[in-house]
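For reference, the structure discussed in these notes is given below.
Each chain gets a letter, A, B and so on, in the order its sequence line appears, and its residues count up from 1. Remember, predicted model here, so these are calculated numbers, not experimental data.
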Amino acid sequence: MAKEVLLEVKDLRTEFFSSKKSSVTAVADVSFDINKGEILGLVGESGCGKSVTSLSIMQLLKDTPGKITNGQIILDGVDLVKAPAEEIRKIRGGKMSMIFQEPMSALNPSMRIDKQMIETIRLHSDMTKEQALAHAAEMLKKVGIPDPPRVLKNYPHQLSGGMSQRVMIAMAMSNDPKLLIADEPTTALDVTIQAQILDLMKKIQKEENSSILLITHDLGVVAEMCSRVIVMYAGKIVEEAPVEVLFGNPSHPYTQGLIASVPKLGSGVKVLPSIPGSVPDLASMPEGCRFAPRCKYATDKCRTMNPDLFQIGENHRCRCWLMDK
Amino acid sequence: MGRYVARRLLETIPLMVIISIVVFMFIHLIPGDPAKTLAGVEAPLEEVEAIREELGLNDPLIVQYVNWVKDALKGDLGRSFKSDLPVTELIWSRFQFTIQLVFAGLIWAPFVGIFIGVMCAIKRGTFVDLGGMLFAICGLSAPGFWLGLMGIQFFSVKMGLLPSGGLGTLKHLILPSMVMGTGIMATLARYSRSSMLETLREDYVRTARAKGQREQIVMFRHAFMNSLIQVVTILGLQIGGLLSGSVLTETIFSIPGMGRLLTDSIAYRDYPTIQGILLMFALQYVLINLIVDVLYGVINPKIRYD
């Protein structure tokens with residue numbers, strides 16, 4: 001079956017401006033595709049640009065000093081970077097929706113759940129209030145909320161974190177989006193709730209045949225959920241591979257470090273390996289490869305020249321001079 | 001909601017008891033003797049003593065207090081030492097002027113203030129923001145009496161457009177309303193700006209945008225409505241200040257309100273009237289805070305459901 005591309009990100013560059021002239025580049029030359037019906041993982045440490053990438057796709061950089069300065073983001077043939085605000089508005093919450101890291105603060109505290117859900121539904125359909133309410137209840141049921149009529153009448157502070165995230169998912173999925181962007185959707189939740197929410201997302205994704213861009217720093221989540229993974233470091237993609245390839249044959253030293261630093265039960269290792277150093281400051285990026293200062297294989301070439309994203313296998317790309325054969 | 005209001009109402013009872021004690025005791029801390037004032041400077045000591053006995057001023061303070069509270073609960077605040085009129089009647093005749101002033105200030109100031117603040121927040125860093133905040137700072141720094149005098153000088157004396165004092169027509173209310181409202185307007189402008197800026201950074205505002213909501217509705221329904229929670233608190237405090245601020249305004253514009261009655265009564269050591277007015281002021285303050293609390297519950301579900 002030929003894969004159909006749903007979202008195409010090309011050479012995306014997002015800069016944060018502290019004044020008109022000075023800026024730091026949070027996301028640099030990022031290109032990737034998401035196919036229809038696929039869960040793509042976007043992994044990296046805090047500050048590597050993964051959230052900025054998602055906000056760039058959603059065009060939600062307003063009210064931040066961030067701005068897309070280059071590239072295209074094409075969803076179903078529409079370039080979101082160039083599209084007029086009104087068109088973007090119709091796509092957001094409709095064709096493309098998003099859930100966030102902190103479900104408790106992502107819901108409006110002074111509005112009841114029913115109002116917030118009806119608002120979302122009616123923005124993208126011609127349903128009456130009654131129809132929208134019925135649809136909201138149906139969505140809540142779908143995300144495993146036991147008593148939808150009661151929860152609909154609640155205010156956000158009356159719900160637990162897990163419940164709130166379920167509501168957020170129900171809300172995000174209520175207009176049958178083709179693409180769901182989930183920015184660390186389980187990071188703020190208890191481990192048991194995490195597993196439930198992930199299962200739920202996977203189930204809904206299968207039922208609706210939608211695509212998910214899953215942003216996380218948790219490799220365990222990636223392994224469980226995704227078919228393909230992108231690893232970001234300091235604003236750039238350093239490796240991209242199908243999930244089995246990434247875990248079986250990580251090629252970039254950073255990816256290798258990430259995977260090695262995941263604790264494994266019964267491995268007998270006393271001290272968990274870690275990557276020395278820390279993520280470089282966006283304002284003072286090292287010359288050459290951005291990972292070079294922390295890389296044990298780094299050569300002089302690495303420290304002076306920026307490596308390309310080399311194609312090293314089928315669907316496998318890696319930004320490392322070691323791969324340049 | 002009903003339970004919440006009932007609880008707030010109950011809570012005001014001990015508050016009123018404390019206030020009544022403070023009001024009563026404070027009067028007796030002011031130096032000066034009402035009996036002497038009543039009798040005149042030349043009066044013989046026996047006469048002063050007789051007046052003192054008649055007014056009950058020789059009783060222990062606690063007895064005086066209990067008697068006063070007993071009568072007050074029956075709606076009797078005693079008779080004015082000065083005019084011998086019942087204090088309730090005296091206060092009522094003046095209260096209508098003061099309340100006019102308070103309303104004249106409240107009818108525009110909070111709305112204009114909140115509007116300026118919200119616009120400044122939305123247009124942060126632009127000339128709108130700069131202009132709005134400059135205006136607010138001017139409003140905050142200009143003392144009420146100075147504004148009033150300048151207003152009289154400009155609009156009454158020079159241009160002859162507005163009366164310089166008294167009450168009666170709407171025209172009479174314009175200058176006092178300006179004096180009464182400017183402080184509230186300026187304070188609320190500053191508070192609603194910072195409160196709005198804070199809510200604009202909230203995750204749920206981003207959620208509202210992410211669901212494809214129109215920018216104006218994101219601003220109003222999701223940001224502004226939540227930013228009001230802080231603003232309402234400040235508003236309550238400000239209205240309290242407005243009541244006592246009326247003393248100044250009444251003096252400048254020669255309006256015979258409660259404030260004027262209070263200053264006159266203090267000069268005359270008219271204990272029952274002073275106590276009555278202070279009690280009224282306190283009662284109003286408590287009432288306004290009660291209303292603010294209820295309003296707070298309306299806009300903030302977290303409070304209501306506690």
Side chains of B:R206 and A:L55, heavy atoms from C-beta outward: is any pair under 4.5 Å?
yes
Using a cut-off of under 4.5 Å for heavy-atom pairs, which of A:L107, A:L123, A:I91, A:L60 has the most such pairs with chain B?
A:L123
Please check if atom OH in B:Y4 has more than 12 non-hydrogen atoms from other residues, nucleotides or ligands closer than 6.0 Å.
yes
Atom CG of B:L15: over 12 foreign heavy atoms under 6.0 Å:
yes
Please indicate whether B:R124 has more than 12 foreign heavy atoms, meaning atoms of other residues, nucleotides or ligands, lying under 6.0 Å from its CZ.
no
Before you tell me yes or no, could you show the steps for A:Y155 and B:K302 under side-chain contact (heavy atoms from CB on, under 4.5 Å), namely the whole-Å CA-CA distance, both residues' side-chain angles and the distance that decides it to 0.1 Å?
CA-CA 8 Å; A:Y155 282 93; B:K302 268 187 209 166; over 6 Å; no
Take a 6.0 Å sphere around CZ of A:F32 and say whether it holds more than 12 heavy atoms from other residues, nucleotides or ligands.
yes
Would one find more than 12 heavy atoms of other residues, nucleotides or ligands at under 6.0 Å from atom CG of B:L10?
yes
Using a cut-off of under 4.5 Å for heavy-atom pairs, which of A:E119, A:E102, A:H124, A:M58 has the most such pairs with chain B?
A:E119
Does any backbone or side-chain atom of B:I299 lie under 4.5 Å from a heavy atom of chain A? Answer side chain, backbone, both or neither.
backbone
Within a 6.0 Å radius of atom CZ on A:F17, are there more than 12 heavy atoms belonging to other residues, nucleotides or ligands?
yes
Taking 4.5 Å as the heavy-atom cut-off, does anything in residues 207-227 of chain B contact chain A, and if so which residues?
B:T207, B:R209, B:A210, B:K211, B:G212, B:Q213, B:R214, B:E215, B:I217, B:R221, B:H222, B:N226
Return the option, out of A:M111, A:M98, A:K90, with the maximum number of heavy-atom pairs under 4.5 Å with chain B.
A:M111
Between the CD atom in A:Q116 and the OH atom in B:Y204, the distance rounded to the nearest 0.5 Å is 10.0 Å
Non-neighbouring partners of A:D76 that pass side chain to side chain contact (heavy atoms under 4.5 Å, CB included), sequence neighbours left out:
A:L6, A:K36, A:K95, A:K178
Do A:S110 and B:P301 make a side-chain contact, defined as non-hydrogen atoms from C-beta onward lying under 4.5 Å apart?
yes
In this structure, are over 12 heavy atoms from other groups packed under 6.0 Å from A:F16 atom CZ?
yes
